[in-house]
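All figures in this text were calculated on a predicted structure; none of them were measured in a lab. Hydrogens, waters and symmetry mates are skipped; everything else that's a heavy atom, side chains included, is used.
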Amino acid sequence: MIALLCLAALAALELPALGPPPAIVGALRWDGWWAGNPWERNLDPREWRSRLPFYARETAEGRVEVRSDRQEVMDREIAYALRGGLAFWAFCYYHPSSWPEADRYNYGWRQFLASRRRGALRYCFILQGGSHMGPRERWAETARELAGHFRRREYQRAPAGRPLLFVFATQYLEPHFGGAQEVRAAFDLLRAESRRAGAGNPYVVAQVFRAEDGVRAVERWGFDAIGAYSAHAHDEHREHTYADLVGANRWYRTSFAATGKPMVPTVNAGWDGRPRLRDPEWARHYRGAWYAQPTPEELAANVREAVAWVRAHPAQAEAGAVLIYAWNETDEGGWLVPTHAEGPARLDALRRALDAAR
């Protein structure tokens, strides 16, 4: 009798429930770390070795190998991503015919789909305007391929059930397809193929660096929202604090929101492409600022602020998503993947922040 009374009393208590996350938080992936890749040379200098991910090693010759193109590595990465509370990875997609080695960058999403450990993690794609999307005359074929991904249960969707798709380097879309009307027609075709596949209407996000470019994508090409691949700022070729990078992320949110268009906020885990300065061709892309790396707590606080913004602006943040730059942009300066130096500290701090936000 006493036990029954105790159970009744407990049932009457209004205990707080751990509800769903206030935002779908994902991280972009750039999979350039296959055996023999050209990027690992950027991390040879001692000053960059604190960045080495758990799957990297130092060789007997004093160089580094950074290679994640093995299924066992992908399986561990999935476990780490789930440990950090991530909902999805946004994989950079490279059409195999873009250039001779383009398809090598697609190992990540293929190994993800081949993994038995993918569990609750989802994936989506980032298309890159121009030749990375493949030949214009093969776009119908590419659209059908993408639609086949959209219908998979593992593909990430916005809360309304629409497949999530990001498009970077939008300045190359009109030259690639032949004009604004042709870009709209190309994405209309993609939408039609997606509906035909039973996946519904894709939610297409333009990743830009200026708000006016995002408005153009929405109004001229029929895109659904504005976002960014990386939300860094500052022109001075010198180091800034991570607090300055937080301010840049905040400025992107504010300027994009001021357009009145829907948007997906981007949070930087870092931005420091100095390792790539060894290549004169790439050096032209890194004339601006770089930022000190965050502590795990600083990074988690930045994500928590973006999540709070999504919660406070449900109409404009209709996709309900936050994108983190990045999972594994190691030589470009933004990562969540555990490193030899830091372990999974960033992911653990992120998980604590997301759990606290529920």
I'd like to know whether the aromatic ring centres of Y93 and H132 sit less than 6.0 Å apart in this structure.
no
Within a strict 4.5 Å, meaning less than it, do heavy atoms of the L28 and I126 side chains meet?
yes
Any carboxylate oxygen within less than 4.0 angstrom of a Lys/Arg side-chain nitrogen, looking at R351 and D348?
no
Whether D224 and R191 form a salt bridge (side-chain N of Lys/Arg under 4.0 Å from carboxylate O of Asp/Glu) is what I want to check.
yes
Looking at Y94, F91, F88, W109, which hits ring pair (Phe, Tyr, Trp, His ring centres under 6.0 Å) with F125?
W109
Atom of A231, atom of L245 and distance for their closest heavy-atom approach
O-CD1, 4.2 Å
Indicate yes or no: at least one non-hydrogen side-chain atom of L350 is less than 4.5 angstrom from one of L86.
yes
Heavy-atom closest pair, residues Y155 and L165
OH-CD1, 4.1 Å
Below 6.0 angstrom between ring centroids: does that apply to H232 and Y252?
no
Is the ring centre of W89 less than 6.0 Å from the ring centre of W30?
no
Do you know the tightest heavy-atom contact between P159 and I24?
CD-CD1, 4.1 Å
Taking the six-membered ring for Trp, are F209 and Y229 ring centroids under 6.0 Å apart?
no
Are N249 and T266 linked by a side-chain donor-acceptor pair shorter than 3.5 Å?
no
Pairwise distance CG(L43) to CZ(R51) - rounded to 0.5 angstrom
7.0 Å
Stacked cation flag R184 on W221, 6.0 angstrom / 45 deg
no
Among W290, Y291, W271, which residue meets the ring pair (Phe, Tyr, Trp, His ring centres under 6.0 Å) test with H234?
Y291
Can you tell whether the side chains of E58 and R63 come within less than 4.0 Å, N to carboxylate O?
no
Expected output: side-chain R162 to main-chain R157 donor-acceptor under 3.5 Å:
no
Thinking salt bridges, do R216 and E174 make one under a 4.0 Å N-O criterion?
yes
Side chains of R110 and Q71, donor plus acceptor under 3.5 Å
no
Identify the two heavy atoms, one from S194 and one from F150, that lie closest to each other, and give their separation to 0.1 Å.
OG-CD1, 3.4 Å
Heavy atoms only: give me the nearest V167-V204 pair and the separation to one decimal.
CG2-CG1, 3.8 Å
In terms of side-chain heavy atoms, does N328 have a donor or acceptor partner in D31 at a distance below 3.5 Å?
yes
Smallest heavy-atom separation, Q156 atom then C124 atom, equals CB-CB, 4.2 Å
Salt bridge (Lys or Arg N to Asp or Glu O under 4.0 Å) for R29 and E77? Distances and angles first, verdict last.
CA-CA 11 Å; R29 281 190 64 125; E77 287 188 278; 3.3 Å; yes
Does R67 count as lying over the ring of W34, i.e. NZ or CZ under 6.0 Å from the six-ring centre, within 45 degrees of the axis?
no
Between R136 and E182 (salt bridge meaning N to carboxylate O under 4.0 Å), is one present in this structure?
no
Is H240 close to E236 at the side-chain level, that is, under 4.5 Å between some pair of heavy atoms?
yes
Over 60° means perpendicular and under 30° means parallel, so classify the ring planes of F112 and Y123, tilted if in between.
tilted
Do V337 and L82 belong together in a cluster built from hydrophobic side chains that touch within less than 4.5 Å?
yes
Salt-bridge test for E305 and R253: reply yes if a basic N is under 4.0 Å from a carboxylate O, no otherwise.
yes
If the threshold is 4.0 Å, N to carboxylate O, is there a salt bridge linking R210 and D213?
yes
